[in-house]
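As a basis for the values below, the full set of heavy atoms in this structure was taken, side chains included, without hydrogen atoms, waters or symmetry mates. In what follows, chains are A, B, ... by sequence order, proteins preceding strands, each numbered from 1.
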Amino acid sequence: MSELKVYNTLSRQKEKFEPITPEHVGLYVCGPTVYSDVHLGNCRTFISFDIIYRHLMYLGFKVRYVRNITDAGHLEGDRDEGDDKFSKKARLERLEPMEIVQRYTVGFRKVMEMFNNLPPTIEPTATGHITEQIIMAQQIIDNGYAYVVNGTVYFDVEKYNKEKPYGILTNRKLEDLLEGTRELGGQDEKKGRLDFALWIKAGPEHLMQWPSPWGMGFPGWHIECSAMSEKYLGKQFDIHGGGMDLAATHHTNEIAQSQACYKTSPVRYWMHTNMLTVNGVRMSKSAGNGFLPEELFSGSHPLLEKAYSPMNVRFFMLQTHYRSTLDFSNDALQAAEKGLKRLWDAYDFLMKMEVHTEKPEGTDVELDSKVRKLVNEFDEHMNDDFNTARVLASMFELVPVINSIKDKTIANNAISSDTLLLMQSKFKNYLEDVFGLKPMNEADNTKLQGVMQLLIDIRKESKSKKDFATSDKIRNQLTELGITLKDEKGGEMSWSID
RNA sequence: GGUCCUGUGGCCGAGUGGCUAGGCAGAGCUCUGCAAAAGCUCGUACACCAGUUCGAAUCUGGUCGGGACCUCCA
């Protein structure tokens, strides 16, 4: 099989993936800040990394996948003087901060499950790792890269930059970054304009606060990921991921903190997923163009023409590369829905096909090798920086072959048994194991199946007697109930729930 | 202003120095009691202007347009 290539934000190019420890991969993804519902744009990132996680496992790696829950310390605004997001929300809703955290954590996990995302192997919380964050901040102070002012600990960006390029991840020079920032105001206590807080002094109004060597306070936003990734994956690990919007600040600061603390670059491969847009504009809470997953599944949002199932949405995302922006639209989602149905119908039939060994001489050599080539391309495409869209394209090229065998336009022994088995296993590997798709309608209720079989028998009988009134009635009434009955070639009938 | 991404056929979207991406929609045909599904065939696209090249939509430069980040955000 081809080697895995991964686009590394640090080098701005695709690189051969080589884990630090053979056969093991340490993967860290920045999770949600649980002070409100996740919207679809957030979900895109987690779905992308779920597929990356699944593919790494498919390749045989043992993966430790850490995705944090940020439940403390995330500030409003850039000046490290805003309110803790959880306290603010809690005050608004008259709840304990941890009630907010609990509510949205539960909601987040539920949404992840609906999208069929696998849970990470470790899902640590910021509040559960306060000690680790304090220890890390202290070490950075001891190493000379942070200073304390009035109970708050700041990271000294300019000092750090003298030894290591601070803007390395997004290819920015410190001078340029300084130009883009505002002047320090009179109330500022930090030394440099780019300095950010590792630990923030809490006032009496802060509902969440912990004791520290610098007094009561709470952790800064960036330190939690550095502390937790080090704890579970080590001072240097393989892949760190997140949305592209995090690269310039959050991830840049993570690199600086870890480097200042442990004297090593924390991450080998930085991976960033692109944004989901609506009418070309990034989906975000502030833009007011975000859909909640529930609104999508129920079709209740004004921008939605209808409801879209979680698998429909997941498939829609798979058709685009993770590093491209993806524009949301009803037309695109409906096109994806139809495409998925056609692909899944073919897949269903493929898995029911049985190997025919009695007439191996009937193999159509040309067709057989074409099929093998397309199937083997799945691995190639996925190993080329997780190109799910190309894998799907190859699959769709095989759909007519499968359907032709179904319609008996192509003999069922035109494809060798080896090739059929290969096709079955690779389709399953990718569609279910790697892409994480599952049947949308589990029409596996045995009683319903019995009833349907009865109706099919009656319809067959009436058709054979040319009693089309009865046969049409059965089909039409089922259609009204949301069940599609189809006459297949050869007199068989099949049905599916819409 | 700085850093970067991007502009593909009706729509969504891959990708590449020369070879059909794919999906959806549309047209024709086949199959069919009808319907649906399915199969076959079809559009021959890559913002604009120069340049490099035997050859560029793919590389370089410029023009115009869109977007992200530099401020909380996946």
Of all the nucleotides listed ([options]), which has the minimum atom distance to the side chain of [X]?
X: T45(A); options: C34(B), A74(B), G39(B); answer: A74(B)
X: R172(A); options: A74(B), G13(B), C70(B); answer: C70(B)
X: K463(A); options: A14(B), C34(B), A74(B); answer: C34(B)
X: L177(A); options: C70(B), G33(B), G2(B); answer: C70(B)
X: D472(A); options: G15(B), A74(B), C34(B); answer: C34(B)
X: N403(A); options: A74(B), A38(B), G2(B); answer: A38(B)
X: S404(A); options: A74(B), G33(B), G39(B); answer: G39(B)
X: T33(A); options: A35(B), A68(B), A74(B); answer: A74(B)

Legend entry - Y7(A)/Y322(A) aromatic ring centres below 6.0 Å: no
Let me know the distance between [atom1] of [X] and [atom2] of [N], rounded to the nearest Å.
X: K406(A); N: A36(B); atom1: NZ; atom2: C1'; answer: 12 Å
X: H381(A); N: A14(B); atom1: NE2; atom2: C1'; answer: 10 Å
X: E337(A); N: C12(B); atom1: CD; atom2: C1'; answer: 15 Å
X: E377(A); N: A14(B); atom1: CD; atom2: P; answer: 18 Å
X: L174(A); N: U3(B); atom1: CG; atom2: C1'; answer: 14 Å
X: N253(A); N: U71(B); atom1: CG; atom2: C1'; answer: 13 Å
X: D467(A); N: C34(B); atom1: CG; atom2: C1'; answer: 14 Å
X: I474(A); N: G33(B); atom1: CD1; atom2: C1'; answer: 15 Å

Say we look at [N] and [M]: how far apart would their [atom1] atoms be, to the nearest angstrom?
N: C46(B); M: U32(B); atom1: C1'; answer: 40 Å
N: U58(B); M: A45(B); atom1: P; answer: 14 Å
N: U60(B); M: G17(B); atom1: C1'; answer: 13 Å
N: U6(B); M: U63(B); atom1: C1'; answer: 16 Å
N: G43(B); M: U20(B); atom1: C1'; answer: 13 Å
N: A47(B); M: U41(B); atom1: C1'; answer: 31 Å
N: G10(B); M: A50(B); atom1: P; answer: 24 Å
N: U16(B); M: A57(B); atom1: C1'; answer: 9 Å

Legend entry - Atom of G290(A), atom of E295(A) and distance for their closest heavy-atom approach: O-OE1, 4.2 Å
Does [N] have a Watson-Crick or wobble mate here (both distances under 3.5 Å), and if so which one?
N: C48(B); value: G62(B)
N: G26(B); value: C42(B)
N: U53(B); value: none
N: U16(B); value: none

Legend entry - nucleotides 18-29 of chain B: protein proximity per nucleotide (B base, S sugar-phosphate only, - neither; heavy atom, under 4.0 Å): ---BSSSS----
Inset, instruction - Using modelled atom types only, decide if a donor and an acceptor are shared between the side chain of T9(A) and the backbone of W270(A) within a distance under 3.5 Å. - result: yes
Legend entry - Side-chain donor or acceptor of K190(A) paired with backbone N/O of D195(A) under 3.5 Å: yes
Inset, instruction - Identify, between F328(A) and G31(A), the residue whose nearest nucleotide on RNA chain B lies closer to the 5' end. - result: F328(A)
Inset, instruction - Please tell me which of D345(A) and L40(A) maps to the more 5' nucleotide of RNA chain B, matching each residue to the nucleotide holding its nearest heavy atom. - result: D345(A)
Touch class at under 4.0 angstrom, heavy-atom based, for [X] against every strand present:
X: G41(A); answer: base
X: L343(A); answer: nothing
X: H39(A); answer: base
X: M283(A); answer: base
X: M275(A); answer: base

Inset, instruction - Using only heavy-atom distances, decide whether a donor-acceptor pair under 3.5 angstrom links the side-chain of D327(A) to the base of G13(B). - result: no
Legend entry - C4(B) base / R12(A) side chain donor-acceptor hit below 3.5 Å: no
Counting neighbours of [atom1] on [X] that are heavy atoms of other residues, nucleotides or ligands and sit closer than 6.0 Å, is the number greater than 12?
X: K5(A); atom1: NZ; result: no
X: E294(A); atom1: CD; result: yes
X: Q13(A); atom1: CD; result: yes

Would you tell me if any nitrogen or oxygen in the side chain of [X] comes within less than 4.0 Å of OP1 or OP2 on [N]?
X: N171(A); N: U3(B); value: no
X: N387(A); N: G15(B); value: yes
X: S324(A); N: A14(B); value: yes

Legend entry - Parallel, tilted or perpendicular: ring planes of H222(A) versus H250(A), cut at 30 and 60 degrees: tilted
Inset, instruction - Please work out which of the three classes, parallel, tilted or perpendicular, describes the rings of Y347(A) and W344(A), given edges at 30° and 60°. - result: perpendicular
Legend entry - R67(A) to F46(A), cation-pi by 6.0 Å centre distance and 45° axis angle: yes
Inset, instruction - In sequence, state the C-alpha distance, the side-chain angles, and the governing distance for Y308(A) and F297(A), and then conclude on ring-ring contact (aromatic ring centres under 6.0 Å, His included). - result: CA-CA 5 Å; Y308(A) 301 99; F297(A) 305 152; 9.9 Å; no
